[in-house]
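These notes are about the structure you will find just below.
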Amino acid sequence: MTKKMYILCMLFVCATYSFTYGQQQALTGFPPGNTPEEVGNRIAQRYLSEPFRNFDGNPSPPSEVIYPEVCAWFGALKFAHITKDTQLVRQLEERFLPLLGAQKELMQVPDHVDHTVFGAVPLQLYLQTGNECYYYIGIDFADRQWQLPAGTKHREEYQSYLDEGLSWQTRYWIDDMFMITTIQSQAFLASGDEKYINRAARQMTAYLDSIQRSNGLFYHAGEAPFYWCRGNGWMAAGMTDLLTYLPRENEQYDRILSQYRKMMNTLKEYCKEDGLWGQLVDDRNSWTETSGSAMFTYAMINGVKNGWLDEDTYGPIARKAWLALQTFINEENDLTEVCMGTNTGTTRQYYLDRRRITGDLHGQAPLLWCAAALLE
């Protein structure tokens with residue numbers, strides 16, 4: 001080998017090492033106390049430390065298992081699976097068992113999109129334990145999302161959605177695209193039947209066609225033309241999970257990937273100096289809202305890891321966001337600055353004045369999703 005060839009080879013090796021090292025460093029090598037293993041364990045145990053919760057810090061016993069509870073429970077199960085923590089899986093399973101007996105009145109009924117997502121928990125329990133009881137509970141929730149309910153007063157409206165290949169629970173609300181995607185994708189994983197993931201893909205494209213704006217973001221609703229952070233977070237997480245499980249040959253795949261990338265590109269531009277996003281995404285001066293920010297972080301982590309996003313651009317953004325989220329976790333392992341449950345508003349001030357809650361499950365949940373994604 002000539003000296004010139006040797007130098008060229010060494011330059012190639014150094015460049016390759018530098019690229020690989022940079023790629024690894026973006027989403028690994030976190031400082032002690034901020035690693036996904038440590039954070040995930042703390043947040044999972046914090047979740048298990050209390051019984052079923054009510055909305056927005058309401059101390060009254062809940063009348064049902066609420067959807068933020070489902071999202072946190074599901075996230076803790078995913079984290080337990082990734083870390084192979086069988087004890088944590090058992091703890092999370094034991095939380096379910098009273099719903100089959102002493103606390104059966106808290107079991108959800110699949111009569112609404114926010115209730116039907118509950119089925120993702122038993123399906124994930126089935127995938128991890130093999131107990132067929134969980135499978136049949138969860139798959140029933142998934143199936144009934146596409147079955148016209150008996151005795152409904154809205155038969156014609158609901159049937160029109162089913163005729164289009166959509167769920168009768170269609171509302172064109174932004175959080176639907178996490179709720180529906182989650183239960184249907186888990187049904188696909190548990191059953192192996194592609195009809196479930198195909199349903200979710202058809203539903204997603206219908207929502208993208210109807211409510212996504214030209215910049216890739218989403219208004220809270222047609223009558224609420226505001227880019228509310230957590231609302232956009234649901235869409236970001238929903239597209240992320242769907243792309244994770246959707247077969248590449250599915251006819252909707254390219255469309256969903258393109259719109260996901262458009263959203264991530266705009267989020268990149270609106271990232272605040274602290275590394276997170278504002279309560280109103282397009283207003284960097286609005287207060288940092290952590291639940292939606294955690295959902296965006298989750299979407300970018302997965303985008304980098306799956307090759308949907310440029311790692312040199314989005315890897316550092318996701319890393320900075322993960323570390324920034326740690327500064328909002330208090331000594332009780334509760335995430336602060338979480339927007340309360342929010343219906344549509346008619347002014348920007350309405351969103352800016354929303355109460356900020358500490359430890360709300362809307363925020364605890366995506367922390368667990370992020371921890372699992374970083375380790376996956």
Side-chain angles (χ1 to χ4, degrees), residues 18-31 33-36 38-40 43 75 178 212-213 215-218 227-244 256-329 335-339 363 365-376:
S18 176
F19 172 78
T20 304
Y21 179 77
Q23 176 185 353
Q24 292 175 342
Q25 283 298 101
L27 298 178
T28 61
F30 293 101
N34 296 281
T35 67
E38 293 171 291
V39 175
I43 301 302
F178 178 83
Q212 190 173 31
R213 313 306 297 176
N215 63 1
L217 300 182
F218 298 81
Y227 298 125
W228 177 44
C229 190
R230 186 164 67 240
N232 278 270
W234 289 124
M235 289 298 310
M239 281 193 281
T240 297
D241 284 353
L242 183 54
L243 288 168
T244 299
I256 296 167
L257 178 60
S258 173
Q259 298 310 106
Y260 160 86
R261 284 172 170 161
K262 180 181 287 188
M263 184 183 197
M264 294 302 109
N265 183 61
T266 297
L267 288 173
K268 170 174 62 70
E269 300 305 317
Y270 282 125
C271 190
K272 289 160 59 93
E273 189 173 339
D274 64 5
L276 300 176
W277 288 266
Q279 163 74 343
L280 292 172
V281 176
D282 59 335
D283 182 356
R284 293 186 185 84
N285 293 318
S286 62
W287 54 274
T288 296
E289 202 287 315
T290 55
S291 67
S293 290
M295 293 177 187
F296 298 153
T297 306
Y298 171 72
M300 289 186 180
I301 291 168
N302 277 282
V304 170
K305 289 203 161 195
N306 286 291
W308 309 325
L309 299 176
D310 178 69
E311 57 202 359
D312 292 335
T313 300
Y314 289 92
I317 296 173
R319 179 185 182 85
K320 183 177 180 179
W322 169 256
L323 292 173
L325 285 167
Q326 310 315 306
T327 68
F328 287 88
I329 301 175
L335 188 65
T336 62
E337 300 295 292
V338 178
C339 179
L367 283 176
L368 288 163
W369 308 344
C370 287
L374 285 167
L375 294 171
E376 197 162 10

Donor-acceptor pair, [X] side chain versus [Y] backbone, under 3.5 Å?
| X | Y | value |
| --- | --- | --- |
| Q326 | W322 | yes |
| K272 | S286 | yes |
| R230 | T290 | no |
| E38 | G33 | yes |
| R261 | W308 | yes |

[X] versus [Y]: any side-chain heavy-atom pair under 4.5 Å?
| X | Y | result |
| --- | --- | --- |
| Y260 | L242 | no |
| D241 | W369 | no |
| M235 | F178 | no |

When rounded to the nearest 0.5 angstrom, what is the spacing between [atom1] in [X] and [atom2] in [Y]?
| X | Y | atom1 | atom2 | answer |
| --- | --- | --- | --- | --- |
| C370 | Y298 | SG | OH | 8.5 Å |
| T297 | Y314 | OG1 | OH | 13.5 Å |
| N302 | M239 | CG | CE | 13.0 Å |
| N215 | E269 | CG | CD | 11.0 Å |
| K320 | C271 | NZ | SG | 6.5 Å |
| K262 | T266 | NZ | OG1 | 8.0 Å |

Residue pair [X] / [Y]: nearest heavy atoms and the distance that separates them:
| X | Y | result |
| --- | --- | --- |
| A236 | T240 | O-OG1, 2.7 Å |
| G40 | L368 | O-CD2, 3.6 Å |
| I317 | K268 | CD1-CG, 3.6 Å |
| M263 | L217 | CG-CD2, 4.1 Å |
| G363 | L335 | O-CD2, 3.6 Å |
| V338 | S291 | CG1-CB, 3.9 Å |

Please evaluate residues L243 and N306 with respect to the criterion side-chain contact (heavy atoms from CB on, under 4.5 Å), reporting the C-alpha separation (whole Å), side-chain torsions for both, the decisive distance (0.1 Å), and the verdict. CA-CA 9 Å; L243 288 168; N306 286 291; over 6 Å; no
Geometric class of the W277/F296 ring pair [parallel <30°, tilted 30-60°, perpendicular >60°]: perpendicular
Sort out for me which residue in T336, N34, V39 forms a side-chain contact (heavy atoms from CB on, under 4.5 Å) with I329. V39
Compute whether any side-chain donor of one residue and acceptor of the other, for T288 and D274, lie under 3.5 angstrom apart. yes
side-chain contact (heavy atoms from CB on, under 4.5 Å), that's the test. Do F218 and N232 meet it? Break it down for me. CA-CA 6 Å; F218 298 81; N232 278 270; 3.6 Å; yes
Checking side-chain contact (heavy atoms from CB on, under 4.5 Å) for the pair S293/F328: CA distance, chi angles, key distance, verdict? CA-CA 11 Å; S293 290; F328 287 88; over 6 Å; no
Apply side-chain contact (heavy atoms from CB on, under 4.5 Å) to the pair Q279 and W228, showing each step before the final yes or no. CA-CA 6 Å; Q279 163 74 343; W228 177 44; 3.5 Å; yes
